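Right, one structure below, let's go through it.
Please read all numbers here as calculations on a predicted model, not as lab measurements. All heavy atoms count here, side chains included; hydrogens, waters and symmetry mates do not. In what follows, chains carry the letters A, B, and so on, assigned in the order in which the sequence lines appear, proteins first and then strands, with residues in each chain numbered from 1.
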Amino acid sequence: MLDQLNGLEKTALDELHSLASMEALEAWRLAYLGRKGSLTSVLRSLGKLPPEQRPAAGRETNRVKLALEQAYGEQAAALKREQTLRQLSQEQIDVTLPGRPVEPGYLHVSTQTLCEIYAIFAAMGFQVVETPEVETDNNNFQLLNIPPYHPARDMWSTFHTTREGVLLRTHTSPGQIRVMRQYCPEPIRVILPGKCYRYEQVTARHESMFYQVEGLAVGRHVTMGDLKGVLTHFARQMFGANRKVRFRCSYFPFTEPSAEMDMDCIICGGKGCRVCEHTGWLEILGSGMVHPQVLKNGGYDPAVYSGFAFGMGPERIAMLKHGIEHIRYFFANDLRFLQQFA
Amino acid sequence: MRVPLSWLKEYVDIVLPVPELAERMTLAGLEVESTKRIGAEWGRDKIVVGEIVEVRPHPNADRLTIAVVDHGASEPEAVVTGAANIKIGDHGQKVAFARTGARLIDGYSEERRYVKLKPTKIRGVRSAGMVCSEKELGLSDEHEGILILDDDAPVGVPLQDYLGDTVLDIDLTPNLGRCLSIIGVAREVAALTGQPLKLPEPTMKAGGAPIAGQIELEIADPDLCSRYSAALIKGVKVGPSPLWMQQRLRAAGMRSINNIVDITNYVMLEWGQPLHAFDYDRLRGRGDGDNPVIIVRRARPGERITTLDGVERQLESEMLLITDGGGPVAIAGVMGGLETEIGLSATNVLLESANFNNLNNRRTSELLKLPSEASLRFGRGLPPETTVIAARRASEYMRQLAGGVIADGIADAYPVKPAAKTIALAAAEAERLLGIKLSRQRIVEILESLGFTCEPGKRAAPIHVTVPYYRLDVEIAADLVEEVARIYGYDEIPDTLLRDELPPQRRNLALEGEQRVRALLVGSGLAEVITYSLTNLQSVAKLDPTQEAVDAANYIRLANPLTSEREYMRRTLMNSLLETLRDNLRFNDRVDIFEIARVYLPQPDQELPDEPRRLGIAMSGPRHDAHWTGASDETLDFYDLKGVVETLLDRLRVGDCTFAPTEHPTFQNGRAATVSVGGTEIGVLGEVHPLVRENFDLPEQRVCLLEIDLEALLAQVPSVYYYQAVSRFPAAVRDLALIVEESVPAVQVRDAMAKAGGKLLQKVELFDVYRGEQIPPGKKSLAYTLTYQAVDRTLTDEEVNRLQTRLQKKLERELGAQLRA
């Protein structure tokens, strides 16, 4: 009996190790461990043994059964592993073929630039306020110290509407008057973004429609030093921490003193090139301390309050940042252009 | 304003190298756009002043001569020339002589091409050198004759030293009218470089009878003319002006005409005061030989004048005129009349030097479209003080350069001399506005360098500053602070960050909502575009094939459009989006775009229109990109666009959205819907009508378009949103296919299910719509997956079956829905 068992074990294990498929393995399991399998019949025949032999034979039978079951498990796992490997080897692909395209959308480059500007100024407490594009001559000019036929009107070629005294705003500055009148006597820190319009033929740098972002800070202790500090910070946030800026005296009827902020040319680093017109400097924005009369027009006492204002063009900023030579690309909406800023 | 440095140096010493000077001026507000050097390319030892000692005939050519030129070398040089302005027998003319090896511009070439001068033989005569024309020197295009220098030119001196110059081109902001003159710029440069201004008061040497008996002046409208001065110069000879004057005028950007005109222009450039020369005899002739009476007054109805340019001009009542007894002789400060113009034979000049109101002058020159150097200066505003100074300066030149005799005195009508302006400047004001501490002494120093007079005062007392007459732009303390700051240097002001109180912070929910919509649409794969706010009505009309034209009365219209393409402020984004779509479909198979922009809606009771924001979407093209893994020829349709909108509305958490079929001329019938949120219709979407597609030259494929009122949409976005508990218990899923009448819209079935299913019915998903075999004609089968789930327990089969049966019966009752076998 024991010999028979040992023989069976040996034969079964030998057979098992030569099996190469799951089907054969299953056949093997049925042949030895199945209900009608060889080991099962040995087990059944245990009853026919003399009682004194039974315990030893039973132990041995169990040992063989466990050994076969374990071997079966191992062989099954090995076969399974082999089979998986075989299968995987058949699933090889050409990883150099193109992937399935995903087409996410994207924002217009002007919108993206505006968002950058919002974020930089938000960190300094400036909030976004929007005001109308169709404006009165009064808000756009007169309350900003520009009476009719004033020489400064030459600075803004204007689209007039057929309604007397109503025009398309030439700059976002009328927003200064609106915001001051709304919030007086609170201190103010706002930026005023939006579309502006000028009666100008399209050239590389000029469009008849463009965005502008106006800024306004009004309070009891706002100085030109603050103007310089805030705008220098902006330029470095926008264009890089090492940028050099300079402030140069300029003129706007609604600021006094007025200043133009230039930045060292990001193309040539200040050596002089076509983009900076060989000056080494790029005009970034106009600014100044709010003119006392404009503060007064906004409701603030210029003897107590002071403020600064500035205006910049997001398209110009984007053009400098991305080396775009012509402003006409912005509103031509050729997706082959816009997509480059996705 | 172009400023020749040689001219500037007459009034102030230039102690800085030119680039540094230019930078200092730029930072102080006089933006030097470019610096041009005249004669920089003239070799110092190659091109020199020469003197013609003899002109003799060329032995072999009639058209050529031989000029013998002393050019400072031991021997004079004989050169062959074809110049028309020297002839045999001439001598003594000073010329620009180019020695062998000089680089010159080829006088016979169209473009500016440099050539190196070599000794040569011209028709058998050796010629080693050249007498130069203006073109060859790069001064102008003049090449008929050679350049003849003034008699006092020193022989042998490098031409660069005699004729060379550096010209600063300054871009002047409108407030810098005072710098439209050499002297104005000199004042600035003096202050910026700490040099004294050298400005002698001009004098004239009169030799004739007093002017008083020869002319009368009257200012009838002193509000528009604060001063009118005149000088009389008799016996002038009109001819060319000297080279130095021509040269400076040219360097400053003006053409030389004749000595009289050149003198008026020269003095204008120098002092900023425009002058006008009348032919005195023609003025007398108009008054039958009487002494002219000049009256400055507004135009009368119907008056006309033929101006210098030969154009007869209709005048209107606010235009200021210079008149005599016979009517207008000039439009004040804009253009003179043809009749009293100084002709070549004029001998007696009445020189006008007047001050006109700047706004009125600008208005007139704008209305007549007559910009000029004079109206540029009048328009910016001039001080009345300079009229007499400039008249003296010009009269003296007319005496010296045109041989005239100056009548004694200047006739001068000056009704009210304005008092000098004084401004009280608190020393602390500079600190308050600039953020830097400046001593009283430093402030005074700076202001005085600019010509202001200061009474410093003590301690808390303000500084009393008297404004010089030529600073019309300075009116208030802030103006003085700017003067202090720009001379002190903006860059010297230390940068600070706002230390002032932080204003109340308010969120801009309108903008936040807009940004959220943008982000969601970008997430749905759409590209943002920004199109023009201005449009034309032909383009708008294309949206509606049922109408002939658009009613212009509803639109904000431009009075001065750049082009008729962009004349009206738009009321819809649709046409711009379709145009943008069309343009992009030329280069892309599929285009999905959106725009958020304002439209402009005039209101009957408001001066300004409403400017609500709209959202527009346009989509067209294949649903899937062509890819090697498999092709699909499906194109985008209504449901693609609707999916984008549903996602948008869902993510904005606006509840209660409905889509209802609609008829709209832009859209194909039966493939368009209105979208409503919270019971308010907010917009329309659909597939563009083939006729509209054709109108916009769109390709023959489905085009999806949407426009909604963003304000109305955002108004429905809840400000707070509460989460819903996520169930830990399994869901029971049942499929249900129902047969309903074709006319029953799917939304009705879904709504009925939601209602009948109650709270436990979590989700209803339509997965199939079927018509055909096994379905009776006129009916359709809708198949749904229903998901039941409770938050607090596992639903039993019986419970779900009960719910399902109830729902089914309800649908049968309400919609006649049959269970599909």
(request) Output, in order, the C-alpha distance, side-chain angles, deciding distance and verdict of salt bridge (Lys or Arg N to Asp or Glu O under 4.0 Å) for Glu283(A) and Arg248(A). (result) CA-CA 10 Å; Glu283(A) 277 181 36; Arg248(A) 141 172 86 72; 3.5 Å; yes

(request) Flag the one option from Gln505(B), Arg518(B), Glu501(B) with the top tally of heavy-atom pairs under 4.5 Å to chain A. (result) Gln505(B)

(message) Using heavy-atom distances under 4.5 Å, tell me whether Ser157(A) contacts chain B through its side chain, its backbone, both, or neither.
(response) neither

(request) Report, as yes or no, whether the 6.0 Å neighbourhood of atom CG on Asp589(B) holds more than 12 heavy atoms from other residues, nucleotides or ligands. (result) no

(message) Counting only non-hydrogen atoms closer than 4.5 Å, does Ser533(B) touch chain A with its backbone (N, CA, C, O), its side chain (CB onward), both, or neither?
(response) both

(message) Counting only heavy atoms not in Glu164(A) (residues, nucleotides, ligands), do more than 12 fall under 6.0 Å from its CD?
(response) no

(message) Heavy-atom pairs under 4.5 Å with chain A - which of Met569(B), Glu482(B), Arg586(B), Arg557(B) has more of them than the others?
(response) Glu482(B)

(message) Does this structure show an ion pair linking Glu188(B) with Arg178(B), if we count only N-O contacts that are shorter than 4.0 Å?
(response) yes

(message) If I measure from the heavy atoms of chain B, does His291(A) come under 4.5 Å with its side chain, its backbone, both, or neither?
(response) side chain

(request) Could you tell me whether Arg169(A) and Glu135(A) make a salt bridge, using a distance below 4.0 angstrom between a side-chain N and a carboxylate O? (result) no

(request) Could you tell me whether Arg220(A) atom CZ has more than 12 heavy atoms of other residues or ligands within 6.0 Å of it? (result) no

(request) Classify the ring geometry between Phe121(A) and Phe310(A) as parallel (under 30°), tilted (30 to 60°) or perpendicular (over 60°). (result) parallel

(request) May I ask you to name which of Gly489(B), Ala510(B), Gly435(B), Pro504(B) has the most heavy-atom pairs under 4.5 Å with chain A? (result) Pro504(B)

(message) With a 4.0 Å cut-off on N to O distance, would you call Glu207(A) and Arg328(A) a salt bridge?
(response) no

(message) Let's test your reading of the structure: which of Val481(B), Ile556(B), Thr26(B) forms the most heavy-atom pairs below 4.5 Å with chain A?
(response) Thr26(B)

(request) Please step through side-chain contact (heavy atoms from CB on, under 4.5 Å) for the pair Glu579(B) and Arg582(B), ending with a clear verdict. (result) CA-CA 5 Å; Glu579(B) 283 162 3; Arg582(B) 172 200 60 208; 3.7 Å; yes

(message) Does any backbone or side-chain atom of Pro561(B) lie under 4.5 Å from a heavy atom of chain A? Answer side chain, backbone, both or neither.
(response) backbone

(message) Please rank Met209(A), His233(A), Gln201(A) by heavy-atom pairs under 4.5 Å with chain B and give me the top one.
(response) Met209(A)

(request) Check each atom of Gln127(A) against the heavy atoms of chain B and say whether the ones under 4.5 Å are side chain, backbone, both or neither. (result) side chain

(request) Could you check which of Phe330(A), Tyr183(A), Tyr118(A) has the highest count of heavy-atom pairs closer than 4.5 Å to chain B? (result) Tyr183(A)

(request) Can you establish whether the number of heavy atoms outside Tyr329(A) located under 6.0 Å from its atom OH is more than 12? (result) no

(message) Can you tell whether the side chains of Glu429(B) and Arg432(B) come within less than 4.0 Å, N to carboxylate O?
(response) yes

(message) Is Phe337(A) close to chain B through its backbone or its side chain, or both, or neither, when contacts mean heavy atoms under 4.5 Å?
(response) neither

(request) Give the intermediate values and the outcome of side-chain hydrogen bond (donor to acceptor under 3.5 Å, both in side chains) for residues Thr531(B) and Asn333(A). (result) CA-CA 7 Å; Thr531(B) 61; Asn333(A) 293 303; 5.3 Å; no

(message) Which atoms of Ala342(A) are under 4.5 Å from chain B, going by heavy atoms: the side chain, the backbone, both sets, or neither?
(response) neither

(request) Examine whether an atom of Val166(A) lies under 4.5 Å from a heavy atom of chain B, and if so say whether it belongs to the side chain, the backbone or both; otherwise answer neither. (result) side chain

(request) Go through the atoms of Glu186(A) and report whether side chain, backbone, both or neither lie under 4.5 Å from a heavy atom of chain B. (result) side chain

(request) Specify which of Pro104(A), Ser250(A), Pro253(A), Ser258(A) makes the most heavy-atom pairs with chain B at under 4.5 Å. (result) Ser258(A)

(request) Name the region of Glu277(A), side chain, backbone, both or neither, that has any atom closer than 4.5 Å to a heavy atom of chain B. (result) neither

(message) With a 4.5 angstrom heavy-atom cut-off, is it the side chain or the backbone of Val129(A) that approaches chain B, or both, or neither?
(response) backbone

(request) Identify which of Met289(A), His150(A), Gln339(A) forms the greatest number of heavy-atom pairs closer than 4.5 Å to chain B. (result) His150(A)

(request) Output the option from Glu260(A), Arg100(A), His108(A), Met224(A) having the highest count of non-hydrogen pairs under 4.5 Å with chain B. (result) His108(A)

(message) Other residues, nucleotides and ligands only: do more than 12 of their heavy atoms fall within 6.0 Å of CD on Glu318(B)?
(response) yes

(request) For chain A, find which of Asp491(B), Asn361(B), Thr173(B), Ile476(B) contributes the most heavy-atom pairs closer than 4.5 angstrom. (result) Asp491(B)

(request) In sequence, state the C-alpha distance, the side-chain angles, and the governing distance for Ile593(B) and Leu526(B), and then conclude on side-chain contact (heavy atoms from CB on, under 4.5 Å). (result) CA-CA 5 Å; Ile593(B) 51 175; Leu526(B) 273 62; over 6 Å; no

(request) Name the region of Ile436(B), side chain, backbone, both or neither, that has any atom closer than 4.5 Å to a heavy atom of chain A. (result) neither

(message) Distance alone, cut at 3.5 Å: any donor-acceptor contact between the side chains of Tyr197(A) and Glu133(A)?
(response) yes

(message) Is Leu338(A) close to chain B through its backbone or its side chain, or both, or neither, when contacts mean heavy atoms under 4.5 Å?
(response) side chain

(message) Let's test your reading of the structure: which of Arg506(B), Glu595(B), Glu23(B), Arg507(B) forms the most heavy-atom pairs below 4.5 Å with chain A?
(response) Arg506(B)

(message) Restricting to non-hydrogen atoms, name the atom on Asn560(B) and the atom on His160(A) that form the minimum distance, rounded to 0.1 Å.
(response) OD1-N, 2.8 Å

(message) With a 4.5 angstrom heavy-atom cut-off, is it the side chain or the backbone of Gln112(A) that approaches chain B, or both, or neither?
(response) neither

(request) Tell me, for Leu167(A) versus chain B, whether the close heavy atoms (under 4.5 Å) come from the side chain, the backbone, both or neither. (result) neither

(request) Could you tell me which portion of Glu31(B) (side chain, backbone, both or neither) has an atom closer than 4.5 angstrom to a non-hydrogen atom of chain A? (result) side chain

(message) Does any backbone or side-chain atom of Thr162(A) lie under 4.5 Å from a heavy atom of chain B? Answer side chain, backbone, both or neither.
(response) both

(message) Under a 4.5 Å cutoff for heavy-atom pairs, which residue among Thr161(A), Val102(A), Val245(A) has the most contacts with chain B?
(response) Thr161(A)

